Amino acid sequence: VSMQVRGRGEILTRLFGKTQSGFETKVDSADQWKTVRGSITVPEGTNAFWIRVTGLLDFDDVKILPEEEETMPDASKHQ
């Protein structure tokens with residue numbers, strides 16, 4: 001999850017399934033946009049995604065994208 005945010009408040013993201021996963025961020029940047037990023041592990045049986053906002057915040061450029069899996073380097077190509 002990535003977004004541009006300005007204002008004062010708190011953002012809480014959650015994915016719900018058999019378990020919960022998410023992140024929480026406090027923002028205190030009334031005059032400038034701040035980039036907020038976080039990773040969320042998708043729990044089994046996910047059935048809801050939500051963002052809770054407390055305070056007064058502006059959002060722009062909200063992106064929810066899968067992370068690319070990191071691959072281990074292949075030492076055989078260096079032989």
Side-chain angles (χ1 to χ4, degrees):
V1 177
S2 173
M3 61 189 87
Q4 297 292 315
V5 182
R6 69 178 173 192
R8 288 190 173 91
E10 185 176 276
I11 303 163
L12 176 66
T13 64
R14 282 287 183 264
L15 275 174
F16 285 99
K18 291 185 177 183
T19 60
Q20 297 182 36
S21 181
F23 66 90
E24 186 174 350
T25 303
K26 292 184 181 186
V27 178
D28 189 4
S29 179
D31 299 327
Q32 291 188 326
W33 290 100
K34 175 183 176 183
T35 300
V36 173
R37 287 189 183 99
S39 294
I40 303 173
T41 302
V42 179
E44 183 180 339
T46 298
N47 57 19
F49 172 74
W50 58 264
I51 299 174
R52 184 187 78 194
V53 176
T54 55
L56 184 58
L57 298 171
D58 291 327
F59 291 88
D60 194 17
D61 200 24
V62 177
K63 297 177 185 173
I64 303 171
L65 302 169
E67 288 185 344
E68 293 185 20
E69 291 186 30
E70 292 184 31
T71 57
M72 294 298 291
D74 183 3
S76 66
K77 69 181 178 182
H78 298 288
Q79 296 177 357

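As the structure is a prediction and not an experimental result, all values here were calculated from the model. Heads up: numbering here begins at 1 and tracks the sequence.
Contacts of R8 classified as salt bridge (Lys or Arg N to Asp or Glu O under 4.0 Å), with partners at least two apart in sequence or in another chain: D28. Taking E24 as the reference, nothing meets the salt bridge (Lys or Arg N to Asp or Glu O under 4.0 Å) condition, with sequence neighbours excluded.
Residue pairs meeting the side-chain hydrogen bond (donor to acceptor under 3.5 Å, both in side chains) criterion with at least one partner in residues 29-38, sequence neighbours excluded, are Q4-T35.
Note: the hydrophobic cluster containing I11 does not contain F16 (ILVMFWY, side chain heavy atoms under 4.5 Å, direct or indirect links). If you chain together hydrophobic residues whose side chains sit under 4.5 Å apart, L15 and L12 never meet in one group.
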Distance-only criterion, 3.5 Å: show the donor-acceptor pairs between side-chain atoms of residues 46-61 and protein atoms not counting sequence neighbours.
residue: T46; atom: OG1; partner: P43; partner atom: O; Å: 2.5
residue: D58; atom: OD2; partner: R6; partner atom: NE; Å: 3.1

